[in-house]
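What follows is a single structure, written as structure tokens, with notes after it.
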There are 2 protein chains.
Amino acid sequence: MATILLIEDDPGVRRGLQLALSRHGHEVRTAESGEDGLRELGAAACDLVVLDLMLPGISGFEVCRRIRAAGEVPVVMLTARGDDFDVVTGLEAGADDYVVKPAQPTVLDARIRAVLRRSAPSDGVRVHGGLRIDTEALTVTLHGAPVALTPTELRLLLTLSRAPGRVFSRRQLLEEVWEHDYLGDSRLVDNCVQRLRAKIEERQAAPEYVQTVRGFGYRFGPL
Amino acid sequence: MATILLIEDDPGVRRGLQLALSRHGHEVRTAESGEDGLRELGAAACDLVVLDLMLPGISGFEVCRRIRAAGEVPVVMLTARGDDFDVVTGLEAGADDYVVKPAQPTVLDARIRAVLRRSAPSDGVRVHGGLRIDTEALTVTLHGAPVALTPTELRLLLTLSRAPGRVFSRRQLLEEVWEHDYLGDSRLVDNCVQRLRAKIEERQAAPEYVQTVRGFGYRFGPL
DNA sequence: CCGCCGTGTCGCAGTCGTGTCGCAGTCCCG
DNA sequence: CGGGACTGCGACACGACTGCGACACGGCGG
């Protein structure tokens, strides 16, 4: 499961690949052009870019160079024909792998996983939108910028993000994060959530990562 | 948490992983070879298979193909080296994920949970017609559109849907949903049912999900 | 010894959920 | 056919729950 940005101008191919990759368990965002893609990439980090070579406006090669110049996001190229010129130039532009169209979804997925595996050997990294949680280094970044969390806030975030979507009751959180036997109902959890939100949520009125489920508790991630 | 079948020929690795996965809350059964594993799988179902590639007798790939051909049990592969050939072939054989040996128990557990989460959304999710109830995320969708339920309405729906077809008396519902000792017969339940219906029923004249059994109480689901 | 940071507690305010009431419509039964 | 019981349904006011700021305590390092 990874977040993938698909840059492809042909609407048919774009939707087909988006659907196929979604079925393989990836989160897929799309862009129609190189400019659009670079903008999208700046807005929110992703784990990998699938990049078509034939694009209106900036060429795929140029987009690839800029992506690699900007960061360490791996790129899988999509070429119409496997002629040598494309491949060599593509790999020299910084692509990590390439797949020849028409692409078998299974093959593309296999390549993607292979690239992710060798270019991101760091396991235990959870990425949700612009939030990146490294469970080994115990670091959290928001849109690439490091976020300073206190130990308790970090434990809370780790616990919640371990099961995205699942609702944790205050009771459960007290046991897992604080490990006390919790005497007397307290609003400690609310408080810590509030402090955590102040650091990782951009619009606190509509929290993106830590959501409250009234009457039950809190939940990490998508609605 | 989940029942896992571990197919691994090396006795040391097998016991180590079995112990580690048990500690993470899984039920672990083991098999020493591909044939053994397939037999085991036929004898009793499990939620996921952890499959070593290097096996005596049938190869891991072949075992994987047969498992996927037989049913929908997800497979996590265990490979000695992450070379591309293994990965691509493995994923094409139908593996859902793979972990490179020597495997960190925590990493393996994380992968297992991720695979289980995406390949078995049927866990804790109840679907009846257009209504989908996720008992972990505590979300309800109607024809794909999220429905905002209040805590009491949600508890009511969860209680009723736990036993579709069964009739719950108002008394029972008061005890299970409200947990008070219920003094004085009240029409609280009727009210809450009404509010719930307003949100999930399309034709309230002929309720599809929450039906009233005159003189007795309410029932969830088909006649 | 002093000051800072993290943590737990308290109180206030706004919002939303909830329980009660009353009326009207429906079904059952005499 | 008529009366009574049962249920659907809207309205309303109280109360619970949560967000949020402020403060005090304690540990750790300068």
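Note on naming: letters A, B, ... go to the chains in the order of the sequence lines (proteins, then strands), and numbering restarts at 1 for each one. Given the structure is predicted, the values throughout are model-derived calculations rather than measurements.
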Assign a letter to each nucleotide of nucleotides 10-16 of chain C from its 5' end: B, base within under 4.0 Å of a protein heavy atom; S, sugar-phosphate only; -, no contact.
BBB--BB
So B/R197, base contact, sugar-phosphate only, or nothing? Heavy-atom distance under 4.0 Å.
sugar-phosphate
Test A/H26 against A/D47 for side chain to side chain donor-acceptor pair (under 3.5 Å), laying out the working first.
CA-CA 10 Å; A/H26 303 289; A/D47 302 311; over 6 Å; no
Nearest-nucleotide wise, let me know which of B/P151 and A/L149 is further upstream toward the 5' end of DNA chain C.
A/L149
Which is it for A/R15 and A/L19 under the side chain to side chain contact (heavy atoms under 4.5 Å, CB included) test, yes or no, and what are the steps along the way?
CA-CA 6 Å; A/R15 284 193 212 121; A/L19 183 61; over 6 Å; no
Can you tell me how far C1' of D/dC9 sits from NZ of B/K199, to the nearest Å?
15 Å
In terms of side-chain heavy atoms of B/L188, which of D/dT7, C/dT7, C/dT20 is nearest?
C/dT20
Phosphate OP1/OP2 of D/dG10: any B/Q194 side-chain N/O under 4.0 Å:
yes
Rounding to a whole Å, what distance do you find between B/F216:CZ and D/dC6:C1'?
13 Å
B/R155 CZ to C/dT18 C1', straight-line distance once rounded to whole Å
11 Å
For A/L174 and C/dT9, what is the distance between atoms CG and C1' respectively, to the nearest whole Å?
14 Å
Can you tell me how far P of D/dT7 sits from CG of B/L173, to the nearest Å?
12 Å
Parallel, tilted or perpendicular: which describes the rings of A/H128 and A/F220, with under 30° parallel and over 60° perpendicular?
perpendicular
Stepwise, does the side chain to side chain contact (heavy atoms under 4.5 Å, CB included) test hold for A/L38 with A/I67?
CA-CA 7 Å; A/L38 289 169; A/I67 291 175; 3.8 Å; yes
Using a cut-off of strictly less than 4.0 Å, decide whether A/R195 has a side-chain nitrogen or oxygen near OP1 or OP2 of D/dC20.
no
Test salt bridge (Lys or Arg N to Asp or Glu O under 4.0 Å) applied to A/R39 and A/E35, step by step:
CA-CA 6 Å; A/R39 209 177 308 123; A/E35 294 87 341; over 6 Å; no
Residue-phosphate contact under 4.0 Å: B/T212 side-chain N/O, D/dT7 OP1/OP2
no
N/O donor-acceptor pair under 3.5 Å between A/R14 side chain and A/E8 backbone:
yes
Do the side-chain N or O atoms of B/Y218 get closer than 4.0 angstrom to the phosphate oxygens (OP1, OP2) of D/dC6?
no
Between A/W178 and C/dT7, does any side-chain N or O lie under 4.0 Å from OP1 or OP2?
no
Please give, in whole Å, the distance from D/dC20 C1' to A/D190 CG?
11 Å
Here the distance between atom C1' of D/dG8 and atom CG of B/L196, to the nearest Å, is 14 Å
Please report the C-alpha distance between B/Y209 and B/L142 in whole Å, then the side-chain angles of each, then the deciding distance to 0.1 Å, and finally whether the side chain to side chain contact (heavy atoms under 4.5 Å, CB included) criterion is met.
CA-CA 11 Å; B/Y209 305 112; B/L142 185 60; 4.0 Å; yes
